[in-house]
Structure formats: structure tokens, C-alpha cells
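Computed from a predicted model, the values in this text were never measured in an experiment.
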Amino acid sequence: MTFAATANAIIHAGARPGFADIDLDTLNIDPSEIEKKLTPKTKAVLPVHFGGLPCDMQAIQDLAARHGVTIIEDAAHAIGSVDKGQKIGGSGRLTCFSFYANKNLTTAEGGMITTSNASQAERLKVLRLHGLNHDAWGRYKSRQLVVSDVMEVGYKYNMTDIQASLGLHQLRKMERFLSKREHYARLYDEAFKDIPALSFVNRQSVPVGSRHGLHLYLLLLNLQKTKATRNDIVVALRQAGVGAAVHYIALPLHPYYRDTFGYKPGDFKKSEWISDRIFTLPLSPAMSEKDVLYIIETVKLVINKK
């Protein structure tokens, strides 16, 4: 359960992604399922902190140590998330964040990788700009002639100064933004807790000392309590002006991964079950409480009509 970028990055690196099923309550990768899927060829485990809820990193760290594999965290949803007292990104492991327009902190596009490994950090700096060992600032702030050498085949992945400035100003507002998300999520929780056709997922299993980043607010449609499908509900909400969406359809169900790797229905039962039932409601600090109340009333009307 993730966006295509998680798997595509592996494919672009020349490796093969292997999928492991999720926990139905958290929607995060299930460590016991990871263990089942590890092979002698496995080089890394890439857990996704789904919706902003931290994965069970202690269990993942333990199995990675036993099997000698690297952990790379996909924290695209997890800006501001805390795992048992430690902010996501503070573990020292390679951790990848997204600053896309809809994220908790945005620079319009781009992202960030955190690591405590100095040699990894230096290599990432080289790779992000065509493999050059000196970037423009390094060359022009020097009073001497600095010639950049190409150390390896790199990419054009550098962030612009304008984007960085946007991000720095957003960073100062992060706590206020996250507090607003938490307030709106509580309003949603209270409004929907007694509706039989709706259930909560992902939000209800936050360990003590942890914090949900609340990138997504997810609801699960109880299909046995309504005649409508999840898609019917999402379309009705969108027609009423509520930006409901589907995040996400399990990757093995998409044509590319299904056809390339030979997946078939039933291979990932929990992810497939969730894929038919979850949807997201708008959750943003740019919203007003009036917006939230309108969304709540609209959801209730749509659910009652279905």
C-alpha cells in the first residue's frame, strides 16, 4: 500500500521490488510478512510510514539485523511524525522525504534524504548534481579556481534556492500546521465514530511516545453496511464539492507490476481488501473549521443516501 514511486525507485536502480503485505489496522508493512519474503538476494527493506503513522521500526530493525539487510525509510508521508520519542528522519538510517505540493511541508516539488553517515551524505551530494564533486556554491564562493570533476554518472536532482526558501519558511510553521491537522482529525473522529458504514484505520494504533504525521485522513467503508461501493461514495462526495480521493490501490494490482512480476488476485489479501474500501478526506492546515464542518455534514448526507 503505497504510491508507485516507492517501487519505481527500486526498478530505476536496476533492482527488483518484492512486496510484503500490510497490517489491517495500521496499513503499514507487517514485519512478519517481511520476514516471509526475504531471500538471499534481498539487499534492503523499504518500509513506508503510511499516512504519517510510523512503522514498527524496532521489529523491522531486528529482522534486518538478523538477515544482514539495509533499511531505507520511505517517509514521504511522515514529516513531523515521531516513532517512540524519535522523530522520523532522526534514526541515522537513510530516510527519504517528499516536499510535493500536498505534503505536510512543501517546496512545490522535490524532497530530502536524511542520514547520519557522512560518506553517504557526500555521495548523495555528488549524485544529485550530475556526479560533480563541487557544486556551484563550492566553486564560486572560493577565491581560487575550482574545477569540478565528474566522479560518477549522476542526476539533475538538486533543489533550487527558491524552493529551499519556501521550505525553510514552512519548517518554522510545522508545529502549528501539525496541531491544526490534529484538531481537524479529532473533529472528524468525533463526527464519524457512530456511523456503522464507516470505520477508522491507520489512526487508532499510535504507540505511546509516538506521533502520527497525519498526512492522510483515512476512512474505511464497511461494505456489508451499505449498498454503495467505495468508488460510489468518493464520486458522490466529489460531486458535492468535497475533495475525497483514493490513497491507494495496492501496487501488485496495477497493470505494470501485475504483468511484469506475475502477481495475481489473492497474493496480497489484506492489501487487496483495503484497496476496495479505503478513501481519504481533505486534511490541510489551509482549511478552516467551517470547511471541516461542511465536509462532515456532506459525508453524513452521502452515507445516509447510499
task = Check for a donor-acceptor pair, side chain of Asn104 on one end and backbone N or O of Ala78 on the other, with a separation under 3.5 Å.
result = no
key: Thr42 side chain to Ala44 backbone, donor-acceptor under 3.5 Å   = no
ask   = What's the shortest heavy-atom distance between Ala7 and Leu251, and which atoms?
value = CB-CD1, 3.7 Å
inquiry  = Are Val69 and Ile34 connected into the same hydrophobic cluster when the rule is that any two of I, L, V, M, F, W, Y join if their side-chain heavy atoms are below 4.5 Å apart?
reply    = yes
key: Glu152 side chain reached by Leu127 side chain, heavy atoms, under 4.5 Å   = yes
message = Take a 6.0 Å sphere around CE of Met151 and say whether it holds more than 12 heavy atoms from other residues, nucleotides or ligands.
response = no
message = Between Thr298 and Tyr294 (side chain of the first, backbone of the second, donor and acceptor by atom type, cut-off under 3.5 Å), is there such a pair?
response = yes
request  = For Ser119 and Asn117, run side-chain hydrogen bond (donor to acceptor under 3.5 Å, both in side chains): C-alpha distance rounded to whole Å, both residues' side-chain angles, the deciding distance at 0.1 Å, then the answer.
outcome  = CA-CA 6 Å; Ser119 62; Asn117 184 308; 2.6 Å; yes
inquiry  = Show, in sequence, the C-alpha distance, side-chain angles and deciding distance for Lys306 and Asn304, and conclude whether the side-chain hydrogen bond (donor to acceptor under 3.5 Å, both in side chains) test is met.
reply    = CA-CA 5 Å; Lys306 299 294 182 182; Asn304 288 335; over 6 Å; no
key: Intermediate values then yes/no, ring pair (Phe, Tyr, Trp, His ring centres under 6.0 Å), Tyr184 and Tyr217   = CA-CA 10 Å; Tyr184 292 159; Tyr217 184 88; over 10 Å; no
inquiry  = Taking the side chain as everything from C-beta on, heavy atoms only, tell me whether Ser210 gets closer than 4.5 Å to Asp83.
reply    = yes
ask   = Hey, any chance Leu124 and Ile72 share a hydrophobic cluster, counting ILVMFWY side chains that come within less than 4.5 Å of each other, even indirectly?
value = yes
ask   = Per the side-chain contact (heavy atoms from CB on, under 4.5 Å) rule, which among Leu166, Leu171, Leu168 passes with Leu105?
value = Leu171
request  = Mark yes when over 12 heavy atoms from residues, nucleotides or ligands other than Arg123 sit less than 6.0 Å from its CZ; otherwise mark no.
outcome  = no
message = Could you check whether His49 and Ser81, counting side-chain N and O atoms only, form a donor-acceptor pair closer than 3.5 Å?
response = no
task = Check whether the side chains of Asp30 and Ser32 place a donor and an acceptor atom closer than 3.5 Å, and report yes or no.
result = yes
task = Can you label the angle between the His77 ring and the His215 ring as parallel, tilted or perpendicular, going by 30° and 60°?
result = tilted
inquiry  = Measuring centre to centre across the rings, with the benzene-like ring taken for any Trp, is Phe200 within less than 6.0 Å of Phe192?
reply    = no
query = Are the side chains of Met57 and Pro47 in touch, meaning some heavy atoms are under 4.5 Å apart?
reply = yes
query = For the residue pair Ile60 and Pro31, what are the closest heavy atoms and their distance?
reply = CG1-CG, 4.1 Å
request  = Calculate, to the nearest 0.5 Å, the distance between atoms CD and NZ belonging to Glu289 and Lys180 respectively.
outcome  = 9.5 Å
query = Please walk me through it: do Leu283 and Leu214 pass side-chain contact (heavy atoms from CB on, under 4.5 Å)?
reply = CA-CA 8 Å; Leu283 183 65; Leu214 286 170; 4.0 Å; yes
request  = Indicate yes or no: at least one non-hydrogen side-chain atom of Asp23 is less than 4.5 angstrom from one of Leu27.
outcome  = no
task = Describe, in one word, how the ring planes of Tyr155 and Tyr157 are oriented to each other, choosing from parallel (under 30°), tilted (30 to 60°) and perpendicular (over 60°).
result = parallel
query = Under 6.0 Å from the NZ atom of Lys87, do we count more than 12 heavy atoms belonging to anything else shown?
reply = no
request  = Would you mind checking if Lys125 and Glu122 are paired as a salt bridge, meaning a charged N to carboxylate O distance below 4.0 Å?
outcome  = yes
message = Would you say Val235 ends up clustered with Leu219 if hydrophobic residues are merged whenever their side chains have heavy atoms under 4.5 Å apart, either directly or through other cluster members?
response = no
inquiry  = Please check this pair: side chain of Thr106 against backbone of Phe99, looking for a donor-acceptor N/O pair closer than 3.5 Å.
reply    = yes
remark   = Residues Ile195 and Lys300: closest non-hydrogen pair is CD1-CG, 3.9 Å
Contact summary for Thr280 and His247, nearest pair of heavy atoms = OG1-ND1, 2.9 Å
key: Check: Pro17 and Ile11 side chains under 4.5 Å, non-hydrogen atoms   = yes
inquiry  = More than 12 heavy atoms of other residues, nucleotides or ligands under 6.0 Å from NZ of Lys84: yes or no?
reply    = yes
inquiry  = Checking the side chain of Ser148 only, and the main-chain atoms of His134 only, is there a donor and an acceptor separated by less than 3.5 Å?
reply    = yes
key: Smallest separation among heavy atoms of Ile88 and Ala75, with atom names   = CG2-CB, 3.7 Å
message = Does this structure show an ion pair linking Arg211 with Glu175, if we count only N-O contacts that are shorter than 4.0 Å?
response = yes
ask   = Do the side chains of Phe268 and Glu33 get nearer than 4.5 Å, heavy atoms only?
value = no
query = Are the side chain of Thr114 and the backbone N or O of Gly89 linked by a donor-acceptor pair below 3.5 Å?
reply = yes
inquiry  = Does either side chain, that of Ser91 or that of Gln86, offer a donor lying less than 3.5 Å from an acceptor on the other one?
reply    = no
message = Any heavy-atom pair between the side chains of His183 and Leu187 that's under 4.5 Å?
response = yes
ask   = Would you say the side-chain atoms of Asp21 pair up with the backbone N or O of Lys270, donor to acceptor, closer than 3.5 Å?
value = yes
request  = Mark yes or no for whether Thr260, through its side chain, and Tyr256, through its backbone, hold a donor-acceptor pair below 3.5 Å.
outcome  = yes
key: Closest non-hydrogen atom pair, Ala244 against Val234   = O-CG1, 3.9 Å
ask   = How far does CD of Gln163 sit from OG1 of Thr160, to the nearest 0.5 angstrom?
value = 3.5 Å
inquiry  = Show, in sequence, the C-alpha distance, side-chain angles and deciding distance for Thr6 and Leu46, and conclude whether the side-chain contact (heavy atoms from CB on, under 4.5 Å) test is met.
reply    = CA-CA 8 Å; Thr6 307; Leu46 210 170; 3.8 Å; yes
key: His212 side chain to Glu182 side chain, donor-acceptor N/O pair below 3.5 angstrom   = no
request  = State plainly whether one hydrophobic cluster holds both Met1 and Leu24, where clusters connect Ile, Leu, Val, Met, Phe, Trp and Tyr through side-chain heavy atoms under 4.5 angstrom apart.
outcome  = yes
message = I'd like to know if Val302 and Leu218 are part of one continuous hydrophobic network [Ile/Leu/Val/Met/Phe/Trp/Tyr, side-chain heavy atoms within less than 4.5 Å].
response = no
request  = Please determine if Asp189 and Arg186 form a salt bridge, counting it only when a charged side-chain N lies under 4.0 Å from a carboxylate O.
outcome  = no
key: Between Ser275 and Glu272, a side-chain donor and acceptor under 3.5 Å   = no
key: Ile10/Arg16 under side-chain contact (heavy atoms from CB on, under 4.5 Å): CA gap, chis, key distance, verdict   = CA-CA 6 Å; Ile10 297 168; Arg16 176 186 174 118; 5.9 Å; no
request  = Could you check Asn8 against Tyr257 for side-chain hydrogen bond (donor to acceptor under 3.5 Å, both in side chains), going step by step and ending with a plain yes or no?
outcome  = CA-CA 10 Å; Asn8 290 354; Tyr257 310 103; 2.6 Å; yes
task = Please check if the side chain of Asn202 supplies one atom and the backbone of Gly51 the other of a donor-acceptor pair under 3.5 Å.
result = no
inquiry  = In the structure I gave you, are the side-chain heavy atoms of Ile113 and Phe97 within less than 4.5 Å of one another anywhere?
reply    = no
task = Could you go through the side-chain contact (heavy atoms from CB on, under 4.5 Å) check for Leu132 and Val126 one step at a time?
result = CA-CA 5 Å; Leu132 298 172; Val126 170; over 6 Å; no
ask   = Would you say the side-chain atoms of Asn222 pair up with the backbone N or O of Lys225, donor to acceptor, closer than 3.5 Å?
value = no
ask   = Is the Phe3 ring parallel, tilted or perpendicular to the Tyr248 ring (thresholds 30°, 60°)?
value = tilted
